[in-house]
Amino acid sequence: MFLDWFRKTPGHGTNDAVNRGLDSIASGMPILAGLSVPDRGTLVALAGWLIRNKAFVTADGTTLDDEAVAVLALQLALPALHLGEAAFAGWEEVIVYPDAFRVRDVWLDDDGLMHEADRWLVGEARHDGPLILSLPDVLDSPRLDGWNVAIHELAHKLDQLDGEANGYPPLHRGMDRAAWHAAWSDAYEGFGRALERGEEGWLDPYAGEHPAEFFAVLSEYFFEAPHWVRDDYPALYQQLAQFYRQDPAGRLARLPLEGLLPPPEAGSTAHD
């Protein structure tokens, strides 16, 4: 199997057969539609680098098949297309579950009382380590519907490059942090007020949970339904285009409203 060879190959060189295999899989992923030939080549090379340099393992000890690894690596590579290998600093492992997984949260309230609760997740970006993902959701994510767990969790990892995820990732030279803060704060606060009024729109309400989730959810839509972000949040679209150094609205067809997944019901599984 071509990825078995790739995982064992030292160094940073690539193999034509491996690239052809990754490129063939990429050709069937709607989220990658419209990429230029040079960008497609860069994406394939970066996905190959991920496969060689990160451990892709399962939580139950089974072996991931080549296509699953390729689909996951290509999705993780997309946000980093023009950011390079440095975008993947600080973690070494992707852990894949066969379905949604349960985590136990423990916290203290304002009175100092400890609480515990279980949550079911389809993705988690651990600040102290790996990316954790649900395999069915990873394989579902290349469709264009506004939902992409791999991109969501990678956005958290980018946000964590300078500390805890807070919606303010380290910006590139030439980007204006004050402009970033103004655009994101205004949009986040406005979205929160809309949720309080009971207004429903195309954006997943989970985006209102925390500024870090707002950034991660908008990153999903930026790569899956960019025209909606550009139309309703033009300042955010401009900031995301500068940050990711991409313009998905220029390569993807407009996704109709009915093509977007409806917001999940309260209490359903989520990414984190």
Side-chain angles (χ1 to χ4, degrees), residues 26-40 42-43 71 74-83 87 123 137-138 140-156 158-159 167 169 171-172 175-176 179-180 182-195 199-209 211-264 270-271:
S27 69
M29 295 172 62
I31 194 172
L32 305 181
L35 284 174
S36 67
V37 172
D39 279 353
R40 178 91 156 257
T42 300
L43 182 80
V71 168
L74 287 163
Q75 289 179 88
L76 293 175
L78 180 59
L81 178 63
H82 296 303
L83 306 181
D137 292 276
V138 165
D140 234 14
S141 287
R143 298 185 303 172
L144 293 174
D145 54 19
W147 167 271
N148 191 295
V149 66
I151 288 176
H152 183 104
E153 301 308 335
L154 187 67
H156 281 321
L158 293 170
D159 197 357
L171 303 182
H172 314 307
M175 292 187 68
D176 186 335
W180 178 281
W184 287 88
S185 295
D186 289 350
Y188 178 69
E189 292 167 7
F191 185 64
R193 290 192 295 269
L195 292 178
E199 297 177 6
E200 295 184 4
W202 54 268
L203 184 59
D204 186 348
Y206 189 64
E209 290 287 318
E213 299 301 343
F214 196 61
F215 169 64
V217 171
L218 263 295
S219 292
E220 292 179 77
Y221 283 94
F222 177 74
F223 285 104
E224 294 234 348
H227 301 89
W228 290 93
V229 182
R230 189 180 64 182
D231 290 352
D232 289 2
Y233 295 99
L236 296 192
Y237 189 89
Q238 181 182 28
Q239 293 296 326
L240 286 166
Q242 291 182 56
F243 180 74
Y244 288 113
R245 295 171 173 158
Q246 298 186 53
D247 178 22
R251 65 176 179 84
L252 292 174
R254 174 180 288 274
L255 187 67
L257 183 60
E258 58 269 23
L260 291 170
L261 282 180
H271 29 36

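A quick note: this is a predicted structure, and the numbers were derived from the prediction, not measured. Just so you know, residue 1 is the first one in the sequence shown, and it goes up from there.
- Closest heavy-atom contact between S141 and Q75: CB-OE1, 3.0 Å.
- Ring to ring, W228 and Y221 are not that close: their centroids are 6.0 angstrom or more apart.
- Between the CZ atom of R230 and the CG atom of L240 there is a distance of 13.5 Å, given to the nearest 0.5 Å.
- Shown here are the side-chain hydrogen bond (donor to acceptor under 3.5 Å, both in side chains) partners of D140, two or more places apart in sequence or in another chain: R143.
- Taking the six-membered ring where tryptophan is involved, the planes of W184 and F214 are perpendicular, since the angle between them exceeds 60° and thus also 30°.
- Residues forming a side-chain hydrogen bond (donor to acceptor under 3.5 Å, both in side chains) with D232 (at least two apart in sequence, or on another chain): W202.
- Taking E258 as the reference, nothing meets the side-chain hydrogen bond (donor to acceptor under 3.5 Å, both in side chains) condition, with sequence neighbours excluded.
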Sequence neighbours left out, cut at 3.5 Å: what donor-acceptor pairs do the side chains of residues 244-253 make with other protein atoms?
from: Y244; atom 1: OH; to: S219; atom 2: OG; distance (Å): 2.8
from: R245; atom 1: NH1; to: H82; atom 2: O; distance (Å): 3.3
from: Q246; atom 1: NE2; to: L78; atom 2: O; distance (Å): 2.8
from: D247; atom 1: OD1; to: Y237; atom 2: OH; distance (Å): 2.5
from: R251; atom 1: NH1; to: I31; atom 2: O; distance (Å): 3.2
from: R251; atom 1: NH1; to: A33; atom 2: O; distance (Å): 2.6
from: R251; atom 1: NH2; to: I31; atom 2: O; distance (Å): 3.2

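- The salt bridge (charged side-chain N to carboxylate O under 4.0 Å, His left out) contacts involving residues 26-40 comprise D23-R40, where partners must be two or more places apart or lie in separate chains.
- Residues satisfying the side-chain hydrogen bond (donor to acceptor under 3.5 Å, both in side chains) test with Q239, not counting sequence neighbours, are none.
- Looking at N148 and E220, their side chains never bring a donor and an acceptor atom within 3.5 Å of each other.
- Shortest non-hydrogen contact noted between F191 and G208 is CE2-N, 3.6 Å.
- Nearest heavy-atom pair, P169 versus F215, reported as atom, atom and distance to 0.1 Å: CG-CZ, 3.9 Å.
- Remark: the backbone N or O of G259 is not paired with any side-chain donor or acceptor of D145 at under 3.5 angstrom.
- Residue L32 comes nearest to A26 through the heavy atom pair CD1-CB, 3.6 Å, listed as atom of the first residue, atom of the second, then distance.
- When all heavy atoms of E209 and Y188 are compared, the closest pair comes out as C-OH, 3.6 Å.
- Of the possible polar contacts, none joining the H156 side chain to the A216 backbone as a donor-acceptor pair under 3.5 Å is found.
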